[in-house]
Every structure is written in structure tokens, then in C-alpha cells.
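For the single chain, residues carry numbers from 1 onward in sequence order.
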Amino acid sequence: MNKRFFYNRADRKDIISYCDAVWPEEVREVIHRADLASEQSFIFTHRWDMERCEIPVTFDNKIDWTYRFKGDFEWTVNLNRSRFMSELGQAYWLTSDEKYVTSYINLLKDWSMQNPLSIEEIHSSKEQNYNVKDTWRKLDSGIRIVNWIKGYQCVRESRYWTSEVEQLFKEAVHLHGTYLSIAFTPHDRQSNWGFLETNGLFQIAMLFPEFLESKTWLSIAVDRLVSMCELQIFEDGMHNEQSPMYHHEVLHCLFECVWLAKKNEYPLPFICEESLERLFLASLAFVKPTGYQPMISDSDDTDIRDILCRGAVLFKRGDLKHQAYEQLDYESAWYYGKEGIDEFRNLVANPPSTSSIHLSESGYSIMRSGWSERSHYCLFDGGHMDIIQAHGHDDFLHLDLNVFGQDMLIDTGRYTYMEGEERRYFKESFQHNTTIVDHTSISEFKDSWTWGEIARTTPSYWKTCEAIDYAEAGHDGYRNLKDPVQVVRKILFVKPYYWLVVDEFQSNEAHHFAQHFHLSEDVSVQTYPNRSEAVCKLNEKEGLFIRSITPAKLTKDRCWISRNYNEKHPSSKLVFEHKATGKTRMITALIPFQEIVTEDVVIKEIEVRNTFGDYFTNDDVTGLEINIGKEKHWVVVSHSGPNSFQFAGHHITGSVMLVKNEGDPPHKWVVKV
């Protein structure tokens, strides 16, 4: 019985004509990488290559499949994941040039000859979690066989694809199925590795029913998918390693399984499709106005609008299309063919029902002024370290900020997985937009993949409405200091005018406190230390004021930003510092501006009284009057819990309050009781 793949010969003309017309640059890139692979030269520049490398490596004679470029094992695993085999197949369809077929065959033969695997080797590698050797790791094998299959669906039409080559290919597929069916551990069930491995096994079992084991393999793969959906995908839709990069790797694998099952009318358990939709909606929640994912927790600066295209078609969701490309992306055209291209074109794009959202299980709060390309955006990380503490960074209370749709404050990225000071640099707290006590990182860094004592989150709070967003979270990362310090960060977004970042510290003795803010590389920065303010410009007319409301020493330092693996660029960071004892507050205003000067924004502290008329101290309450253009606002933040407060002629009960002078009477919000 012939099984249906994502695309077949009948789809070829429609896919190629669409890609040539709409995505010519992607076509050129695919052909370029396929040309390199035909010459035994390899480069990893696809947006979803997990560890990119822009420098081609050429093997003049025999390919060394264990070669480590500049000593980096991640280059080795990228080579053995074989994306080039998929692209050789695509290049063949795109050009009809038979050289891509012969190159596919030669690489298939060479890899298979140099990398034999026996059943004995698989079983004897159990203590290494079945990662037999550099070229036979579970993760890479799952990815590799999927790429081989994608290329195979194209090249098998060629006259050069003989019965002898077909037999060699089937033997290689069967060997991968045997390996992936055995090589699975309880930890894989909890890790993104499990999805990447299981996708390979699922596709083998679904597409090659002629194998005697395929029925069993399919059952194994489905059982694994169900258990992994239960374990790994939070109710809020975020993958539990809390890394957008690996969230999308999991989404991609589950998507391929769900869509292939639908193509073959195979009924997967409901949890698979339902979990996939939640993954797509989490991506929609955190996508930046640029269309890119945030660079938190080992993530690159990757455009995810192709992912949103894919979900829009599969689930017929106009909200996903709203943030996707205007036309179906290149890869989705291969997945869906003409029918999907037409479905996407006819789908009505609608903005999501809410602009701001809190992902309660993962702890991410996303604040937006809207859904346009020029909207303001803030992502606040008030969640825990990722479940298996692998891709997590020491970024408790970190925030990302886009103003007028452009990157302003960003995560510094990951840069490398190689052990050393550069890995440590990008993982520790100092390179995140968070708070530091006594020049000490929040959690205990051990090595590239291991943490010692980690911070634990304290109770968080979230509220959103048309006028404001508010998020509050804390951690106990400084519990082991000689004099422990409690840390809480509160962020109030008064839409669309400004954010107030309120950092509270509770201790008994004197400590050094610091707020770190890392700026996008293209932002120009002018500091005014005498008034603890920085003017950060995106261009001549637009930018952000960063102003400390409370006493703080402001310095401007250099930092590195890594938007992609193996790539880093110099940028600037701002550090606000303060020394104090007992209850300490550091309050910073983040104010987007457009053709205005700093004097147009006036912020001053005001006095706040209790119901008996007695004044609160600054240790207990902060009251602010904010004049921005023609608007006048009053904000009161209690540092000692809820109370009844009198300020600026108003009397309100709560712990965080906002009053605007618009209308009669003024508008009042109890943001948090």
C-alpha cells in the first residue's frame, strides 16, 4: 500500500511555480547549499539549523563525518543531520538537474559505508544513553532520516535511482528504524530530544509499511508522542524547556507527525493535535513585532512567521495568519501544495483577541500596545528555570523590549555550546536585563549544561486590561548570601506611554544592587549620569528614555550580542547601581519617544499619606506624578503590602494604583489590591 508523503510528483509543478514566483531568494539559497553539498562542501545557514555556521567546509577527498570545525562538536552533529539531503531533493525538482540526484546517491553511499551500526553496538551503548558514537546519536539520527526521506521523495523519480540504490536506501531507513525504536530513555521522554527522535521513527513506520516491524514501530512512536505531550507541553502551550528555539523544534516535529497522519487518514490520539495547537498559540503569544522569536534560553534571533503560516493553514486560524507572512512561506508550500497555498490565500487574517497575555505555567508575561508592526512589546520572564535545567539561562526577572516595532532591550543570546568562558558569559545573570545583588549571579553556574543552586520563584501576579498591563514576580536566588536578600520585580505598562520597572530588595545589612539593560546593536546611546538617564535612539526621531527615578549611579559599558550561533557583535549596556540597607527600591522608567525631548517628560515623587493623614516613608510607598505631553498620571506603589492611601487629592485602597487626569472624574485603576 502506497503511503502519502507531504508532497508527490503531482504536486511538483504547482510547488515549483509558486516558490519561483513568490520566494525566489529561498529558491536561490536552497540551490546554493545543494551546489555546495554536490562538491562536498557544507554550510549551515538555514534559519532552523540549530547551530548555524556561515563558513563553508570543503572535503577535497574523503568526507570525514566526525570532523569538528574549530573544535566544535555542534558542527559535527549538523553535518550528520543531513539537511543538505533534503535540499538536494528540492534542488532536483527546482532545476531538473540530475547532478543533484547523483550527489544524493554518492553521499548516501558514503555515509552508509563509513558509519555502519550493529544491533550489538546499539544495546551495548545503553550506559551512554544509546548515543553509540559521534555519527549515531539519537537526536541527530531522528533528524537525519527525516531529511533523507524528504530528499528521497524527489530524487527517486530520476533514471539514476536504480533498484540497487533503492535497496541501499531502504536498508539505511530500516537501520534507522531499528536504532530509534531501541534507543529511547525516560529522559528522552522529558526532553526535546524525544520529539526529534520520535518524528523520525514515526515517519519510517508510517511511510514504509513493507518493513515487518513497521506496525510495532508505529505503536511505539504514538505511545511516545502521547506521553511526551503530557510531560513536555504546559497548559499555556509553552514547551517546558522554556526556550523559544527548542519550543519550535518540538512544534516542528509534532506538526510533521500530525500532518503526515492526517495525509494518511491515521487517527492520532486527540492530545497530539490539541497539544500542537497550544504550541502554535504560545508562539503567537511571544512573537515580537518584527516577526522574530525572543533570544531567551539558548534561542537565536529567528524569524518564526513561517511557523505561524503552517499553523494558520492546519488549524484555519486567522489570528495566526495575522502575524504570519502575507503569503504562504516557502517550506509550507512543500508541506501543503496548491491546496494549502489557496487555503492560506483565502483565510481571513484577524488580530488575536487580546494584545497582552500571561503564560502562567512558564511564567512569561507579554505586554503589547497592539498587534501592528510598529507596536510596543515587552516580554517579562517571571518563571522558573527550565524543567531539565539544560537550555535555561540565569535570567530570572529578565525583560525584552521593542518600541515602535523595533528591538531596543534584548537578551544577549547564546553564541556557543562549547565549554568555556564564552558559554558562561552568555548564560549568567550579568548578561540579562535583570537585577544583580553584590556582583553575584542569581544561580550557581557549573558548566555549559549544569547548574548548582538555582533560584526558585516566589508567588507572581498578572493583570491586563485596555489601559494597563501589570506583572510581578520574585525569586530567592540570594538566599545563600551571608545576609540573604529577597528580590521582587514589578512592571507596570501604562499603554502606550511607558513602563515603570520597580525592583524591591529586602535585607538586614548593606548590599550593592544593580539593574542591567542590554541594548540592540543598532541603538545609539547618550548617557546623562548627573540625572541618571539615558537617551537610546533607534533613529533621529524615535527611541527610548531610560530614567532612574530613585538614586542610582549610571554607567555605560560594552557587551556582546549573539543573534545566531557562532556569531556575536559588540553593543552597549546600561547599569544602574545603588548601595543601601534594609528595604531598598530601584525604580526605572522606560519611556518611548517620538520627536520629543527629555524635558517633555517630567516625573517627580509625591507624598503619600495614610487615612489618618500621616506620611508614609519612601521605604514603604512610592508615589509618582508623571507628566507626558498633555497627560498627567499618578502612580502609587506600596512596598509593604496593601493599604489605604491618600495622594494628589485621591483616596484609594490597594498596593498598586493608577490615576489619569483624563475626563471628569479622573480614571482610576486598582492595579493590585
Side-chain angles (χ1 to χ4, degrees), residues 50 63-68 73-83 85-86 107-152 165-228 231-232 249-250 253 256-257 388 390 449:
M50 281 187 269
I63 297 173
D64 179 1
W65 296 99
T66 65
Y67 178 71
R68 299 191 181 196
F73 181 58
E74 298 302 325
W75 194 94
T76 311
V77 299
N78 261 306
L79 178 67
N80 284 276
R81 289 168 183 168
S82 300
R83 189 184 296 275
M85 296 291 268
S86 168
L107 290 166
L108 168 67
K109 289 180 176 179
D110 188 75
W111 195 94
S112 300
M113 179 187 67
Q114 288 199 53
N115 298 287
L117 181 70
S118 67
I119 300 297
E120 291 73 24
E121 284 181 294
I122 298 173
H123 286 292
S124 65
S125 68
K126 184 176 182 180
E127 290 188 1
Q128 291 81 47
N129 296 312
Y130 297 108
N131 292 305
V132 183
K133 45 194 168 186
D134 286 356
T135 56
W136 278 101
R137 294 197 317 166
K138 300 170 294 180
L139 164 69
D140 312 318
S141 300
I143 299 171
R144 175 173 55 247
I145 199 59
V146 166
N147 283 322
W148 284 16
I149 290 170
K150 286 177 179 173
Y152 164 75
V165 175
E166 175 79 4
Q167 182 178 350
L168 173 64
F169 177 78
K170 292 284 185 69
E171 289 173 355
V173 172
H174 185 272
L175 180 58
H176 278 76
T178 301
Y179 173 55
L180 292 169
S181 66
I182 297 170
F184 196 79
T185 69
H187 184 71
D188 294 321
R189 194 175 293 117
Q190 179 61 76
S191 164
N192 70 79
W193 280 45
F195 274 100
L196 292 155
E197 298 155 19
T198 301
N199 183 32
L201 182 62
F202 182 86
Q203 292 197 32
I204 293 169
M206 177 65 68
L207 296 169
F208 299 93
E210 61 268 31
F211 298 153
L212 294 176
E213 303 92 339
S214 286
K215 186 175 181 180
T216 300
W217 289 348
L218 187 60
S219 177
I220 290 171
V222 171
D223 286 346
R224 290 177 184 174
L225 287 174
V226 170
S227 64
M228 289 188 297
L231 275 171
Q232 295 190 40
E249 291 297 334
V250 166
C253 292
E256 289 199 334
C257 292
I388 60 176
W449 302 105

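Put simply, CZ on Arg224 and OG on Ser181 are 7.0 Å apart, with the number rounded to the nearest 0.5 Å. Atom NZ of Lys150 is separated from atom CE of Met85 by 14.0 Å, given to the nearest 0.5 angstrom. Within the model, atoms CG of Leu168 and CG of Leu108 stand 4.5 Å from one another, a figure rounded to the nearest 0.5 Å. Remark: Asn80 CG to Ile143 CD1 distance equals 11.0 Å, nearest 0.5 Å. Interatomic distance, CG of Asn131 versus CG of Asp140, reported as 8.0 Å (0.5 Å rounding). Note that OG of Ser124 is 10.0 Å distant from OH of Tyr130, once rounded to the nearest 0.5 Å.
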_Working for side chain to side chain contact (heavy atoms under 4.5 Å, CB included), residues Glu256 and Phe202_ = CA-CA 9 Å; Glu256 289 199 334; Phe202 182 86; over 6 Å; no
*May I have the step-by-step check of side chain to side chain contact (heavy atoms under 4.5 Å, CB included) for Glu197 and Tyr179, ending in yes or no?*
CA-CA 10 Å; Glu197 298 155 19; Tyr179 173 55; over 6 Å; no
_For a side-chain hydrogen bond (donor to acceptor under 3.5 Å, both in side chains) check, start with the C-alpha distance between Arg144 and Ser141, then their side-chain angles and the critical distance, and finish with the verdict._
CA-CA 5 Å; Arg144 175 173 55 247; Ser141 300; 2.9 Å; yes
*Evaluate the criterion side chain to side chain contact (heavy atoms under 4.5 Å, CB included) for residue pair Leu117 and Thr178; output intermediate values, then yes/no.*
CA-CA 10 Å; Leu117 181 70; Thr178 301; over 6 Å; no
_Is there a side chain to side chain contact (heavy atoms under 4.5 Å, CB included) between Gln128 and Val132? Walk through the geometry before answering._
CA-CA 7 Å; Gln128 291 81 47; Val132 183; over 6 Å; no
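By the 4.5 Å heavy-atom criterion applied to side chains, Val173 and Phe211 are counted as neighbours. Contact check for His174 versus Glu213: side-chain heavy atoms found under the 4.5 Å cut-off. Contact annotation: the side chain of Thr185 approaches that of Lys138 to within less than 4.5 Å [non-hydrogen atoms, C-beta and beyond]. A 4.5 Å side-chain heavy-atom check between Gln114 and Thr135 finds every atom pair outside the cut-off. Using a 4.5 Å cut-off on side-chain heavy atoms (C-beta onward), Thr66 and Lys133 make no contact. Using a 4.5 Å heavy-atom cutoff, the side chains of Phe184 and Ile220 are not in contact. At least one side-chain heavy atom of Trp148 sits less than 4.5 Å from a side-chain heavy atom of Ile145. Side-chain contact between Met228 and Thr198 is present, with heavy atoms from C-beta onward closer than 4.5 Å.
Checking side-chain atoms of Ser191 against main-chain N and O of His187 turns up no donor-acceptor pair under 3.5 Å. Here the side chain of Lys170 pairs no donor or acceptor atom with the backbone of Phe208 at under 3.5 angstrom. Between the side chain of Asn115 and the main chain of Trp136, no donor-acceptor pair closer than 3.5 Å is present. Under a 3.5 Å cut-off, the side chain of Ser118 and the backbone N or O of Glu121 do form a donor-acceptor pair.
Between the side chains of Asn199 and Gln203, at least one donor N or O lies within less than 3.5 Å of an accepting N or O. With no hydrogens or angles considered, no side-chain donor-acceptor pair links Asp134 and Thr76 at under 3.5 Å.
His176 and Trp217 have their aromatic ring centers separated by at least 6.0 angstrom.
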